[in-house]
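Remarks on the structure that follows.
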Amino acid sequence: MNYWLIKSEPSTYSWEDLVKLGRDHWDGVRNYSARNNLRAMQEGDLALFYHSVNEKAIIGIAKVVREHYPDPTTDDDRWLVVDFAPEGKLTRPVTLEEIKQHPQLTEMVLVNNSRLSVQPVQKDEFEVIVGLGES
DNA sequence: GCCAACGTTGGC
DNA sequence: GCCAACGTTGGC
């Protein structure tokens with residue numbers, strides 16, 4: 001069981017879009033590090049869903065419901081997708097600012113490499129964030 | 001809207 | 001194989 005963080009601009013693809021669809025593939029990843037993280041995901045893994053740019057906050061949790069397969073939006077076989085389903089919305093969003101200020105979250109990839117769109121999250125980090133979001 | 005940081009591309 | 005140039009992302 002591993003934990004992840006997936007990032008999207010809400011104007012392009014938001015948490016609400018995923019909820020509306022029930023499940024969906026996560027396409028458009030064109031970065032090798034992010035791709036490698038997608039490939040490492042296993043069914044049942046949980047991912048924090050982060051809204052970048054305008055909101056800059058984690059808004060919900062998504063679950064991996066299908067492991068990686070070739071990206072249907074391109075013929076280029078280097079790229080792949082993973083299917084997610086919404087697992088639950090946080091009671092309140094956990095903001096980037098809050099994460100930066102939290103002493104247990106200073107090592108998060110989100111803080112240190114904000115551009116990586118699919119990133120691993122430590123179990124304790126995941127639990128701290130869920131704890132904040134449910135408080 | 002700006003720009004720093006990062007990743008990728010392509011010429012050599 | 002190196003590295004300059006370029007494009008993109010995302011925080012501010």
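Throughout, a chain's letter reflects where its sequence line sits, starting with A, and its residues are numbered from 1. The model shown is predicted, which means the values in this text are computed figures rather than measured ones.
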Short side-chain N/O contact to dG10(C) OP1/OP2 from Lys7(A), under 4.0 Å: yes
Length of the line joining Leu116(A):CG and dT9(C):C1', which is rounded to integer Å: 11 Å
Donor/acceptor link under 3.5 angstrom from Arg115(A) side chain onto base of dT8(C): yes
Donor-acceptor pair, side chain of Arg35(A) and main chain of Leu80(A), under 3.5 angstrom: no
Distance in angstrom units between Arg78(A) CZ and dG7(B) P, rounded: 16 Å
Pair Trp26(A) + Tyr13(A): ring centers closer than 6.0 Å: yes
Ring-ring centroid check Trp79(A) Tyr32(A), cutoff 6.0 Å: yes
Polar side-chain atom of Asn112(A) near backbone of Thr106(A) as donor-acceptor pair, under 3.5 Å: yes
Whole-Å distance separating the CG atom of Asn113(A) from the P atom of dG10(C): 10 Å
Sugar-phosphate, base or nothing in reach of Leu96(A), heavy atoms under 4.0 Å: sugar-phosphate
Phosphate OP1/OP2 of dC6(B) contacted by Tyr32(A) side-chain N/O (<4.0 Å): no
Length of the CD-C1' vector between Glu55(A) and dG11(C), whole Å: 15 Å
